[in-house]
Structures are given as structure tokens and as C-alpha cells.
Amino acid sequence: MKLSLNQATVKRASVPEVVDVCVRNGIEGVGLWRDPVADHGLERTAALVRSAGLEVSSLCRGGFFTGADQRLDDNRRAIDETAALGASCLVLVPGGVPDRDLVAARGRVASALEALAPYAEGAGVQLAIEPMHPMFCADRGVVSTLGQALDLAAPYPIDVVGVVVDALHVWWDPALAVEVRRAGPRIHSYQVCDWITPLPADVLLGRGLPGDGHVDLVGLTSLVADAGYTGYVEVEVFNEDVWARPFDDVAADLVRRHATGWEPVVDGGHDRLPVTP
């Protein structure tokens with residue numbers, strides 16, 4: 001799999017800066033976020049990425065379907081933006097539980113997909129449902145397993161609605177191997193980072209660089225490849241220490257790690273696995 005740098009990994013980089021970082025470090029793909037794209041301008045961003053010879057491996061994000069309005073208009077705009085950028089997919093974060101009714105919240109995800117799938121198909125855009133670790137169920141993701149995401153995608157053509165396999169969110173799942181095989185061509189995005197401990201106070205920032213934590217990324221990548229996925233492996237890390245590093249330092253580090261196939265990082269003969277006190 002070719003390497004892609006998700007813009008969130010160098011969060012403080014503007015669109016031109018993340019494009020330059022990818023080009024300088026030989027990274028062929030970039031995962032973009034809607035707010036920085038809007039700041040730079042959609043058409044300018046699309047032209048910049050094309051002129052740099054990069055592919056947009058994903059656009060983050062649409063979704064958040066569980067409120068009363070299901071954000072359908074905003075999601076249609078996100079689909080249009082994905083098409084304009086020529087991105088491989090639009091990542092959908094399902095949304096949390098606004099009123100303690102988890103069953104109803106999951107139902108609103110399903111009904112939003114029913115409304116949006118025809119629009120995405122007409123625009124030639126792939127929607128990618130991102131199942132999220134259960135600790136995010138309340139505020140971000142009522143779809144907690146890859147199996148749930150695949151069930152939601154099943155009524156639609158494979159090239160219209162699929163899933164994101166994000167290492168942080170799915171690595172713990174006892175049914176992971178079965179569900180990755182089941183996903184097959186519905187894997188529209190593969191994102192990697194690592195699970196580090198102890199988790200910070202803001203658990204959203206508890207992602208480590210691939211190889212620094214507890215996830216068997218070698219095994220997971222093999223599962224995804226065996227399922228037939230041939231797209232980008234996109235590194236998406238939310239971590240204050242990583243964000244504080246120079247952009248090129250982070251990118252060069254990722255290129256080295258990708259070249260090893262995400263083998264655990266070894267320092268002085270010992271795996272650098274953070275240990276919970």
C-alpha cells in the first residue's frame with residue numbers, strides 16, 4: 001500500500017504546507033479536512049493538489065447524523081467537495097447520542113444514508129462509514145464495530161457506501177478478522193495510528209505514531225491486504241506531542257516506519273511501548 005499523510009497528523013499545517021511536506025518527502029497521498037480546505041478555497045485546493053501530483057485519499061468529514069436535522073444539507077455539500085477534490089472517499093463519522101436514545105440515534109444514521117446514498121452515487125463519490133471505538137459512542141460514534149458499519153452499508157452498491165478501517169477504533173474487536181474479510185471491496189479507507197497508554201485526559205488525543213503502541217499493525221495491515229484492499233494506508237494521528245514537531249520531521253519519520261511495514265519501533269533493543277503506571 002502506498003502511504004498517505006492525513007492532514008490531522010500535522011494539524012497546524014495549512015493546505016499548501018501539507019502539500020509541500022508530502023511532495024518533499026515522497027508521500028503520494030494526502031487526506032484532507034474540510035475546514036482547512038475551505039480556508040484555502042475548494043477550487044484552489046483541488047488545483048494545488050493536482051499540480052503537485054498528489055491523490056486525495058480521503059476527505060474528512062461528513063456525518064454527525066444523529067441530531068434532529070441529520071445535517072443532510074451539510075453532508076450534500078461535503079459530497080460535492082469530495083467530488084471537486086477527486087478524493088477517494090468521504091469519511092462519515094456517525095454522530096453521538098443526543099438524547100440518551102441509542103437505538104433511535106443508530107436509526108437516524110441508517111435513514112441519513114438512505115437519503116444521501118443516491119446523491120453520492122450521482123456525484124460519483126464513495127461514502128465511507130467510520131466505526132468508532134465504544135468510548136466515543138456518546139459524543140461521536142454510535143456505530144461501534146466494523147460489523148455494524150457493514151450492516152449499514154449492505155443495502156447500497158459497493159462503490160457507493162463502504163467503510164473505514166481505522167486501527168484505533170477496531171483493533172480491540174474479537175470479530176475483527178472475520179469482519180475485515182467480510183468487508184472486502186467495501187473497505188474504502190484504511191487509516192493507521194497506534195493505541196498508547198496511559199491515555200491522556202482528552203482521550204481523543206490518545207493516538208500514537210504507528211509502531212509506538214499496542215496495536216498489531218503488521219497483522220491488521222495483512223488482514224486488510226488479504227481482503228483485497230489496494231488503496232492508500234493513511235496515517236491519522238491526534239497527539240499534542242506529534243503536533244508540536246516540525247512537519248517534515250513527522251513526515252520523514254512516517255516514511256521510515258512505513259518502509260518497515262509498521263513493525264514496532266525499537267529503541268536500544270526494547271520496544272517503545274508506553275507502560276501504564
Side-chain angles (χ1 to χ4, degrees), residues 6-9 11-12 31-38 58-79 89-116 127-153 161-173 176 179 188-189 191-208 213-215 234-243 276:
N6 187 287
Q7 192 169 10
T9 306
K11 182 178 175 63
R12 298 183 177 98
L32 295 175
W33 281 68
R34 293 179 67 199
D35 286 350
V37 168
S58 73
L59 180 64
C60 292
R61 60 196 175 187
F64 289 92
F65 299 128
T66 55
D69 66 354
Q70 299 178 299
R71 295 179 63 164
L72 295 181
D73 288 342
D74 182 65
N75 277 283
R76 291 187 185 98
R77 286 191 294 271
I79 290 168
C89 66
L90 173 64
V91 174
L92 300 179
V93 174
V97 186
D99 53 10
R100 297 190 178 184
D101 191 339
L102 179 56
V103 173
R106 287 176 172 152
R108 285 194 285 274
V109 176
S111 63
L113 289 170
E114 186 175 358
L116 292 171
L127 304 176
I129 306 164
E130 183 169 21
M132 307 195 81
H133 191 282
M135 68 180 175
F136 296 112
C137 186
D139 61 343
R140 292 177 184 273
V142 296
V143 179
S144 300
T145 67
L146 187 56
Q148 287 176 313
L150 288 169
D151 288 346
L152 286 164
V161 183
V163 298
V164 181
V165 176
D166 183 316
L168 183 94
H169 294 307
V170 304
W171 74 280
W172 58 273
D173 189 346
L176 182 59
E179 297 298 347
H188 290 175
S189 177
Q191 296 181 333
V192 298
C193 63
D194 222 325
W195 184 284
I196 55 174
T197 52
L199 289 172
D202 184 350
V203 294
L204 185 65
L205 306 185
R207 292 173 176 243
H214 300 278
V215 179
E234 185 178 292
V235 179
E236 184 187 56
V237 175
F238 298 83
N239 184 294
E240 288 284 0
D241 291 337
V242 174
W243 292 343
T276 305

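Values below: every heavy atom of this structure, side chains too, minus hydrogens, waters and symmetry copies.
A donor-acceptor distance shorter than 3.5 angstrom exists from the side chain of Asp194 to the backbone of Gly213, with no hydrogens or angles considered. Side-chain atoms of Arg106 come within 3.5 Å of backbone N or O of Val142 as a donor-acceptor pair.
In this structure, NE2 in His133 is found 11.0 Å from CG in Asp166, a value given to the nearest 0.5 Å. Between the CG atom in Leu102 and the OG1 atom in Thr66 there is a gap of 10.0 Å [rounded to 0.5 Å]. Here CG of Leu152 is found 11.5 Å from CD of Glu114. Values are rounded to the nearest 0.5 Å. To the nearest 0.5 Å, atom CG of residue Asp35 and atom CD of residue Gln7 are 9.5 Å apart. Note that OG of Ser189 and CG of Leu90 are 11.0 Å apart. Values are rounded to the nearest 0.5 Å. Atoms CG and CD1, on Leu116 and Ile79 in that order, are 5.0 Å from each other to the nearest 0.5 Å.
The shortest heavy-atom contact between Pro94 and Glu130 is CD-O, 3.4 Å. When all heavy atoms of Leu168 and Gly206 are compared, the closest pair comes out as CD1-O, 4.3 Å. For the residue pair Arg108 and Asp99, the shortest heavy atom distance occurs at NH2-OD2, 3.7 Å. In terms of heavy-atom proximity, Trp33 sits nearest to Glu236 at CZ2-OE2, 3.4 Å. Here the closest non-hydrogen pair linking Leu92 and Gly63 is CD2-N, 3.7 Å. Nearest heavy atom pair, residue Ala128 against residue Cys89, reads CB-SG, 4.0 Å.
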Could you walk me through whether His169 and Gln191 pass the side chain to side chain contact (heavy atoms under 4.5 Å, CB included) check?
CA-CA 10 Å; His169 294 307; Gln191 296 181 333; over 6 Å; no

Mind running side chain to side chain contact (heavy atoms under 4.5 Å, CB included) on Val164 and Arg61 for me, showing each step along the way?
CA-CA 12 Å; Val164 181; Arg61 60 196 175 187; over 6 Å; no

Given Asp202 and Glu240, is the side chain to side chain contact (heavy atoms under 4.5 Å, CB included) satisfied, shown in steps?
CA-CA 10 Å; Asp202 184 350; Glu240 288 284 0; over 6 Å; no

Could you give me the CA-CA distance, side-chain angles and deciding distance for Val91 and Glu234, then say whether side chain to side chain contact (heavy atoms under 4.5 Å, CB included) is met?
CA-CA 12 Å; Val91 174; Glu234 185 178 292; 5.7 Å; no

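Using a 4.5 Å heavy-atom cutoff, the side chains of Asp74 and Phe64 are not in contact.
For the 3.5 Å distance criterion, the side chains of Thr145 and Glu179 fail to qualify, holding no donor opposite an acceptor.
More than 12 heavy atoms of other residues, nucleotides or ligands shown are found within 6.0 angstrom of CG on Asp139.
Relative orientation of the Trp171 and Trp195 rings is tilted, given thresholds of 30° and 60° on the angle between their planes.
Of the candidates Val143, Val93, Val109, Phe65 forms a side-chain contact (heavy atoms from CB on, under 4.5 Å) with just one, namely Val109.
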